[in-house]
Asks: 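Sending over a structure as structure tokens; questions will come in a sec.
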Amino acid sequence: MRYSNLFFYTLRETPGEAEIASHRMMLRAGLIRRLSSGIYTFLPLGYRSLRKVEQIIREEMDRAGAQEMLMPALQPQEIWEESGRLDIYLAENILFRTKDRQGRWYALGPTHEEVVCEVARARINSYRDLPFTLYQIQTKYRDEIRPRFGLMRGKEFSMKDAYSFDLDADGMDVSYEAMYKAYKRIFKRCGLQARPVEADSGSIGGDASHEFMVLADSGEDTVVSCDKCSYAANMERAQVGGGMQDVDPNVEQLEMEDIDTPGVRTIEELTAFLNISPREVVKTLIYMADEKPVVAILRGDHQLNDLKLKRALGADSLELADDKTIEKVTGAPVGFAGPQGIEAGVPIIMDRSVSPLSNFTTGGNKKDVHTKNVNRGRDFQVTKVADIREAAENDHCPRCNDGKLQLRRGVEVGHVFKLGTKYSKPMNVSFTDTDGVEAPVFMGCYGIGVGRTLAAVIEQNNDENGIVWPLSIAPYQVVIIPVSMKDKEQVKEAELVYEEIGNSGIEVLLDDRDERPGVKFKDADLIGFPIKIVVGRSLKEGKLELQARCRKEKELVPQALILTRVQELMEEIS
RNA sequence: CGGGGAGUAGCGUAGUCCGGUAAACGCGCACGUCUGGGGGGCGUGAGAGCGGGGGUUCAAAUCCCCCCUCCCCGACCA
């Protein structure tokens, strides 16, 4: 391809809409263009890279034994009723829906569990028909609450989604493992450092799941990892280790005492008012779990993790209680709750870190009053002790003895789930086993955000001049720049090299624009082609300049050797 | 949806508080010219009526009302 024929543009200045590196650079390099919030056009250069990511995914999925198919984006609403997910998705307002001329409802698929189940059950009769794994690369539609960061979160986005079907849980584990391994290879080939972390399965549901995270400051998730062992988890799920010591029996339990704390509601206000550490305070939160009030208590310097609380309670829904409920449960307005004197029958869930505390300060369950020297056992009883707080920097690792937890930001590029029979039961995907008994299949589902992966690659591979594409997914592998289009010798040589390299199967772009050299160099760096050949002043000595985008050094290569040297360099940087 | 910010030429912005009579600047674009190894110089020129609608006023980018769009922080997810 010649620049003179290429549909592209680059922007000198950063469009105001872009905040993070990948978004900025994709706009500046002319890879994508926004049509509307969360909706993007892939321009030719960006689309080439996107297709390369897709191709890597295809190769690795096929290698893992999965089979590609293509399901419809437009889905009749009935199948969503059948799986029982329609209400949930409608409540979340995430579906793009439309009616046909007959008034029937359709949804633009936000995901494809329902459709794939419909397909699979048509085929599966006997245990002999299992196992298999299907996948597709499809555009998904989700009315996201907040699209952002360019390709990172869109209303329309490309996703590879795969679904495995197995006889039983063991089979499912094998399929899961195969996908897990394939994912590692996919991200590695894309030039990404992605790390699998334990994850919450969210609205897709299911038992176990891992997310593949790319560490980046711009990431929307927080990744918790151990500095000594391999433990890593999404903040949503991250456990907290450390001993669960009990109260020191030698500490004398002092008399409870009320303190007047007018207008003091938050932990910050309280610790400032009393001049004590938040570690000596117990914070009391009132939640509604499945419509019933519960009390959660944790140390003043900790944050509650509501997903963990929800799991500890085995609840389906969990939300903060409203002011009215809080008054009813504690007898005081918001901000003065304490575990002592809670309404009878309301369960109290205590975070493990509260266990060793004695004579602590907490809300007095009266307006403008806090109470000190509160003690568990004497002053209140807990229903359950559990790990319900958010992990914090330097917390103990839950898996190894001496590790400390670290918090980093990450981008979720892939997610693998063990679904079990969550969809196969309602969707009636079953088979007859060897005993002639009908049983539901065990499913897994496996997603990769294709565009998001592309963005993550740029997030991880860029410098002040632009993108530094890994060879595997660069829009073109090599760019040839004749320094002056007025120099006939340079132009002639550039054309020859362009032919030679192109004929060898390498993807090459010739910058035949009559631009000043600085412009050509800047564009090449911004778009980030892995290899650059400059035909310039050294041509007089019969030499060409060769440079990898990811390296500082340039080398002079005799004309006759350029193809060989390019091939070697490609080998070196891949 | 709650909180914060912003819509002025293809892009980046100034002007808005304190209304004032051809809407400014840089980049990009076109033409000419000098140049030709990191977004070059000089000159000439085209391009917006200020997100949309309504109102106030002698006069509105600027003040008031309504609406739309975009970005950032939170809940959601690949």
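Within every chain, numbering begins at 1; the chains are lettered A, B, ... in the order of the sequence lines, protein sequences first and strands thereafter.
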Asks: Determine which nucleotide pairs with B/G2, using a 3.5 Å limit on both distances of a Watson-Crick or G-U wobble pair.
Replies: B/C73
Asks: Hey, which of these two, A/Arg34 or A/Ile94, hits RNA chain B nearer its 5' end, going by closest nucleotide?
Replies: A/Arg34
Asks: What's A/Phe149 touching, base or sugar-phosphate or nothing? Going by heavy atoms closer than 4.0 Å.
Replies: sugar-phosphate
Asks: Please indicate whether A/Glu291 has more than 12 foreign heavy atoms, meaning atoms of other residues, nucleotides or ligands, lying under 6.0 Å from its CD.
Replies: no
Asks: How far apart are the closest heavy atoms of A/Ala455 and A/Met152, and which atoms are they?
Replies: CB-CE, 3.8 Å
Asks: If we call it a pair only when both distances are under 3.5 Å in a Watson-Crick or G-U wobble match, what pairs with B/C11?
Replies: B/G26
Asks: Just call it for A/Val411: base, sugar-phosphate, or nothing, with non-hydrogen atoms closer than 4.0 Å on any strand.
Replies: nothing
Asks: Over all strands shown, is A/Glu545 touching base, sugar-phosphate only, or nothing at heavy-atom distances under 4.0 angstrom?
Replies: base
Asks: Select base, sugar-phosphate, or nothing to describe what A/Lys486 touches, counting heavy atoms under 4.0 Å on all strands.
Replies: base
Asks: Once you apply the 3.5 Å cut-off to both distances, tell me the Watson-Crick or G-U wobble partner of B/A46, or none.
Replies: none
Asks: OP1, OP2 of B/C71 versus side-chain N and O of A/Ser37: anything below 4.0 Å?
Replies: yes
Asks: Tell me, do A/Val197 and A/Ser225 make a side-chain contact under 4.5 Å, heavy atoms counted?
Replies: no
Asks: Base, sugar-phosphate or nothing for A/Asp525? Non-hydrogen atoms, less than 4.0 Å.
Replies: base
Asks: Verify the stacking flag for A/Phe521 against B/G39: centroid separation must be under 5.5 angstrom and the ring planes must differ by under 30 degrees.
Replies: no
Asks: For RNA chain B, whose closest nucleotide is more 5', that of A/Gly150 or that of A/Asn465?
Replies: A/Asn465
Asks: Take atom CZ in A/Arg33; do more than 12 heavy atoms of anything else shown fall under 6.0 Å from it?
Replies: no
Asks: Using a cut-off of 4.0 Å on non-hydrogen atoms, how would the nucleic acid contact of A/Gly536 be classed: base, sugar-phosphate, or nothing?
Replies: base
Asks: Which nucleotide, if any, forms a Watson-Crick or G-U wobble pair with B/U62, using both distances under 3.5 Å?
Replies: none
Asks: Please check the phosphate of B/G74 (OP1 and OP2 only) for any side-chain N or O of A/Arg148 closer than 4.0 Å.
Replies: yes
Asks: Look at all strands and tell whether A/Asp514 reaches a base, only sugar-phosphate, or nothing, counting heavy atoms closer than 4.0 Å.
Replies: base
Asks: When you check the glycosidic angle of B/G7, does it come out syn, meaning within 90° of 0, or anti?
Replies: anti
Asks: Tell me whether A/Glu59 is salt-bridged to A/Arg63, with the criterion being a basic N under 4.0 Å from an acidic carboxylate O.
Replies: no
Asks: Heavy atoms only, 4.0 Å cut-off, all strands: where does A/Gly154 land among base, sugar-phosphate and nothing?
Replies: base
Asks: Check A/Lys292 with A/Asp290, please: is the shortest side-chain N to carboxylate O separation under 4.0 Å?
Replies: no
Asks: Both distances below 3.5 Å, Watson-Crick or wobble geometry, any strand: find the nucleotide opposite B/U33.
Replies: B/G41
Asks: Students often get this wrong, so: under 4.0 angstrom with heavy atoms, is A/Ser36 touching a base, only sugar-phosphate, or nothing?
Replies: sugar-phosphate
Asks: Whether A/Lys422 and A/Glu113 form a salt bridge (side-chain N of Lys/Arg under 4.0 Å from carboxylate O of Asp/Glu) is what I want to check.
Replies: no
Asks: Any side-chain N or O of A/Arg537 below 4.0 angstrom from OP1/OP2 of B/G37?
Replies: no
Asks: Is any side-chain N of the basic residue among A/Glu495 and A/Arg2 closer than 4.0 Å to the acidic one's carboxylate O?
Replies: yes
Asks: Can you check nucleotides 8-14 of chain B for protein contacts, nitrogen or oxygen pairs under 3.5 Å, and list what you find?
Replies:
residue	atom	partner	partner atom	Å
B/G12	OP1	A/Gly16	N	2.9

